[in-house]
Amino acid sequence: MFGYVRLHKPTITMGEYEQYRGVYCTLCKRLGKRYGLTARMTLSYDMTFLALLHMALEQADPRFCPGRCSFNPTKKCLKCQNTVATDLAADLGTLLAYYKLKDTLADEGFFKKLGAAMLYPLMALSRRRAAKRRPEADAAIAAMASAQAQVEAARTDSIDRAAEPFAKLLAYMATLVAQDDKQRVILERFGYCLGRWVYLIDAVDDLADDIKRRRYNPYALSKNLIDTDTDAVRDCRAYASMTLNACLAECVAAYNLLDVRRFDGIIRNILEQGMPASQRRVVSGEDKKHET
Amino acid sequence: MKRDPYEVLGVSPNATDDEVKTAYRNLARKYHPDNYANNPLSDLAEEKMQEINDAYDAIVRMRKGGARGGATGGSAGYGGHSAHNDIRQMINQNRISDAEMLLDGIPSHARDAEWFFLKGSVLYKKGWLEEAYTHFQTACRMDPSNMEYRQALGQMNHFRQTGGYRSADGRGVDACDVCTTLYCADCCCECMGGDCIRCC
């Protein structure tokens, strides 16, 4: 879906990388098991992060064991036998992907629309299954989507207001992985700031495109940007960087209060290096969207 | 149930005094009240800070065999005289929407620097960081001598510049920087009667 919440490979240890891959592969496998082949395409770093955070807090061990990638059987990877966290992430990821697809159908260009229309029936089926398992999450995402549509229709120029629906959704999702009340309070703040960061960095990533196509963009509106490639756009990016820093700092501050049982190194790698790296890449505006 | 002080600081019982001190300083930097000013999680951070302080004290006591200072408070939270004491209290109790409603009920001609500061605090707790930032700026502009407002703005500026993480390629804050800032902050704290970092 977004792909900004990712590892920073240069500094992660081999062991941690294997574990991360293990969670990623398990999530992929559970997506396939629960929702079929098309659902595997919705596999994302963001949902992997949620699963990782969930496992970090869970009392039960993830129980890694050796396995093979189902797409490339020559490749070995770890698999988790405890799938509580990956199942939740798979359900939420499927629901999110469905609403994202609906969004694409509503406002992207012709070819993207065509692709989305072809996928739609399959995704709708998966979503129905996921909604049956997690009716509250489905309702929360639907509420987010309609709040988001309202914000865009009103063309609000407040960054805070624009980011609110998605931030609230992630706040809700993060609380789902809490193991006790104290964690719930911390995760709510953590999720809010993380969601805000994701929404805002996506807005920066789309800035030039949105200005060109006159689509809704909170940064463009708040700074009154009409043309791409002007000094104003460059200033806006510098400003955006500070707004992103503020969110990230809040995320880290909240995370510091969580007593995680495992994966601290991986999560810190993502929060303190991977996300800043995404941010630098997006803010510099060098290459649009993600390399892998 | 009390955790082992060495475990709290994340060092082995065989660690040297310097290692203990370094571990303590790093943790104190992480959980310093300044990092959680206006944050809805500030009480949890304070708890953590207290735990770290106690652990450090316990280790020093064990190693020296002597007695070492009693308890000191963390951040004082909101206090002092103000026209909006009831609102401050609500903010302290994390009753954000109540506080916001009262604040919004104050007519715009009666909105002083403190109003902007409190409104900024409410927005900050809600996670509306941009509007919080502009409100803190306005509060500081209206009353530049107020330390409370300046501290809130300074903390936000720090986060906005650095992202609060220590970057791998040295672009973030450098450790010296943090230490000096923290040392200064602690000195301020100490003259006000508190002492967050015991070893300096």
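Just so you know, these numbers use all the heavy atoms, side chains as well, and skip hydrogens, waters and symmetry mates. Since this is a predicted model, take the numbers as computed values, not measurements.
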Which heavy atom in A254(A) sits nearest to a heavy atom in L41(B), and how many Å separate them?
CB-CD1, 3.7 Å
Between C251(A) and chain B, which part of the residue has a heavy atom less than 4.5 Å away: side chain, backbone, both or neither?
neither
So CE of M156(B) and CG of N245(A): to nearest 0.5 Å the spacing works out to 11.0 Å
By a 4.5 Å heavy-atom criterion (distance strictly below it), what part of K30(B) contacts chain A: side chain, backbone, both, or neither?
both
Report which part of D259(A) has an atom under 4.5 Å of a heavy atom belonging to chain B: side chain, backbone, both, or neither.
side chain
Heavy-atom proximity to chain B below 4.5 Å, by part of A167(A)
neither
Taking non-hydrogen atoms and a cut-off under 4.5 angstrom, which of residues 236-244 of chain A neighbour chain B?
Y239(A), M242(A), T243(A)
I159(A) versus chain B, the contacting section by heavy-atom distance below 4.5 Å:
side chain
Give a yes or no answer on whether the side chain of Y31(B) reaches the backbone of N256(A) with a donor-acceptor pair at less than 3.5 Å.
yes
For residues 188-196 of chain A, which side-chain donor-acceptor pairs fall under 3.5 Å, sequence neighbours excluded?
unit_1, atom_1, unit_2, atom_2, d
R189(A), NH1, Y124(B), O, 3.1
R189(A), NH1, K125(B), O, 2.9
R189(A), NH2, E250(A), OE1, 3.0
R189(A), NH2, Y124(B), O, 3.3
Y192(A), OH, E164(A), OE1, 2.5
Y192(A), OH, K126(B), O, 3.4
Y192(A), OH, W128(B), NE1, 3.4
R196(A), NH1, D160(A), OD1, 2.7
R196(A), NH1, G127(B), O, 3.2
R196(A), NH2, D160(A), OD1, 3.1

By a 4.5 Å heavy-atom criterion (distance strictly below it), what part of R161(A) contacts chain B: side chain, backbone, both, or neither?
both
K168(A) NZ: over 12 foreign heavy atoms closer than 6.0 Å:
no
